[in-house]
Amino acid sequence: MSALIDHRYLITPGGALRGSVRVPGDKSISHRSIMLAALAEGRTQVSGFLEGADALATLAAFRAMGVAIDGPDRGELLIEGVGLRGLRAPHTVLDMGNSGTAMRLLAGLLAGQGFTATLVGDDSLTRRPMRRVTEPLALMGAQILTSPSGTAPLTIAPVAQLRGIEYRLPMASAQVKSCLMLAGLYAEGETCIIEPEPTRDHTERMLTAFGYSVRRHGLRVCLSGGGRLTACRLSIPADISSAAFFLVGASIAPGSDLLLEAVGINPTRVGVINILRAMGADIELLDKRTAGGEPVADIRVKSARLRGIQIPVDQVPLAIDEFPAIFIAAACAEGETVLTGAAELRVKESDRIQVMADGLAQLGIQADPTPDGIRIQGGTLGSASGEQAIHAHGDHRIAMSFAIAGLRASGPIEIRDCANVETSFPGFPQLAARAGLGIDEQRPQ
Ligand code: S3P
């Protein structure tokens with residue numbers, strides 16, 4: 001037998017999700033907590049930080065630029081802010097690993113520094129488009145070198161002064177918006193970004209929490225350079241993107257009744273709840289409250305009969321990371337689910353439309369990709385193992401989606417190339433097993 005060369009999940013079919021779980025901290029907010037706390041004046045205390053590889057890459061980058069950070073220790077961090085002008089030139093390239101958020105947001109932040117820095121990433125990140133940030137940053141006066149195809153490595157050189165711009169985003173992207181806002185902190189005058197549709201607004205909320213003035217009118221968000229950030233306390237909610245696997249899992253597995261604790265329910269992130277409810281899911285939001293400027297609730301989800309729907313296009317940016325899980329719900333629903341307006345899914349950690357369509361087809365589900373979406377016919381999930389194992393293509397959310405599919409599969413599911421689950425959800429197999437999923441891990445020797 002040949003030696004195992006990748007990290008695999010082996011899923012035993014059936015089961016139900018029950019009890020109460022707290023999924024790890026929000027990835028988007030964890031990245032931003034390091035960035036803004038580092039640029040603030042004073043010491044920021046963070047709790048609920050995601051100790052996954054992506055956010056840890058951001059943390060390491062700021063340490064490399066001279067920021068003293070204590071932790072993480074069970075999600076707690078102490079960050080000694082150095083002020084907007086206090087970062088130091090790193091001695092090595094900054095490795096962003098698998099994280100598009102880290103690379104794109106840092107590109108904006110570094111464009112305003114007085115030193116040169118180079119950002120690199122893994123194979124997946126090195127294939128992802130970066131011109132969406134380097135082009136508007138160039139309009140602000142930034143000097144950034146990319147590969148000839150507009151991808152990483154990015155080398156960002158100092159310039160005398162960035163200038164504010166008004167920029168209409170060509171796609172709904174919180175990463176591009178946030179990148180330009182971070183560059184805007186260093187720009188002369190006002191930087192305004194106009195979004196085609198609302199996207200996650202964690203940067204705006206957190207800048208406000210650090211005392212920086214951000215002005216929003218409808219889809220237009222503006223800030224002026226030259227202000228200051230003041231340290232504060234941040235409490236990071238559990239990540240709705242990680243909770244999504246459990247929302248879908250408990251919905252599709254008969255006999256489930258699960259409580260997800262302290263999940264972020266920012267209105268720009270709740271597309272998955274809206275879409276699953278439209279499909280017939282039984283989801284209740286309990287004890288709504290606010291933590292660190294972000295709305296939070298406990299979420300109770302029980303199994304339900306799902307039906308296929310036409311997914312409203314206005315929900316797409318609000319559920320952009322949850323579609324792999326939603327596709328599993330669609331595969332278990334009665335009738336057809338149709339997604340359009342989601343071409344961005346093709347440039348995530350993998351081409352999530354194609355990779356999900358391939359995996360669903362292996363499980364016997366009819367799934368027809370289109371340029372900007374997919375059509376999925378609900379049916380019976382079969383099995384996939386050995387030579388026929390599902391390939392996650394190193395994409396954390398693909399791996400976890402097919403893992404929860406096992407709750408409704410008629411046979412075992414084996415998933416290859418799952419190591420990157422660590423990027424967003426350390427401890428996923430253990431937590432999912434505790435809730436009732438039959439999951440075993442095989443790590444390479
Ligand atoms: C993120 C924005 C989204 C999302 C990503 C995190 C962020 O990307 O897919 O996982 O933290 O700003 P886009 O801005 O490319 O849509």
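Order of listing sets the numbers, starting from 1, for every ligand and every atom in it.
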Only counting residues at least two apart or in another chain, list the ones meeting disulfide bond (SG atoms under 2.5 Å apart) with C222.
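Disulfide bond (SG atoms under 2.5 Å apart) check on C222 returns C192.
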Is a salt bridge present between [X] and [Y], judged by a nitrogen-to-oxygen distance below 4.0 Å?
X: E441; Y: R443; result: yes
X: R269; Y: D239; result: yes
X: R289; Y: D287; result: yes
X: E80; Y: R43; result: yes

Suppose the criterion is salt bridge (charged side-chain N to carboxylate O under 4.0 Å, His left out): which pairs have a residue in residues 51-65, not counting sequence neighbours?
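For residues 51-65, and leaving out neighbouring residues, the salt bridge (charged side-chain N to carboxylate O under 4.0 Å, His left out) pairs sorted by first residue read K27-D54.
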Any idea which atoms of ligand 1 are less than 4.0 Å away from a heavy-atom of [X]?
X: I320; value: 9 (O)
X: A174; value: 12 (O), 14 (O)
X: D321; value: 4 (C), 5 (C), 9 (O), 10 (O)

Considering only protein heavy atoms, which is closest to atom 6 (C) of ligand 1, and at what distance to one decimal place?
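Answer for atom 6 (C) of ligand 1: T101 OG1, 3.3 Å.
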Given E344, H202, K348, E322, which one has a non-hydrogen atom that is nearest to atom 13 (P) of ligand 1?
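Comparing heavy atoms across E344, H202, K348, E322, the nearest one to atom 13 (P) of ligand 1 lies in K348.
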I want to know if ligand 1 touches R397 in the polar sense, i.e. an N/O pair below 3.5 angstrom.
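Checking ligand 1 against R397, no N or O pair falls under 3.5 Å apart.
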Polar proximity ligand 1 side, Q175 side, N/O cut 3.5 Å exclusive:
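Q175 vs ligand 1: N/O contact under 3.5 Å present.
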Side chains of R104 and S173: is there a donor and an acceptor less than 3.5 Å apart?
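There is no such pair between these side chains.
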Taking non-hydrogen atoms only, is R32 closer than 4.0 angstrom to ligand 1 via side chain, backbone, both or neither?
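Within the 4.0 Å criterion, R32 contacts ligand 1 through side-chain atoms alone.
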Classify the contact between H31 and ligand 1 as side chain, backbone, both or neither, using a heavy-atom distance cut-off of under 4.0 Å.
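For H31, there is no contact with ligand 1 at all, from either part.
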Tell me whether K177 reaches ligand 1 (any heavy atom closer than 4.0 angstrom to a ligand atom).
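No.
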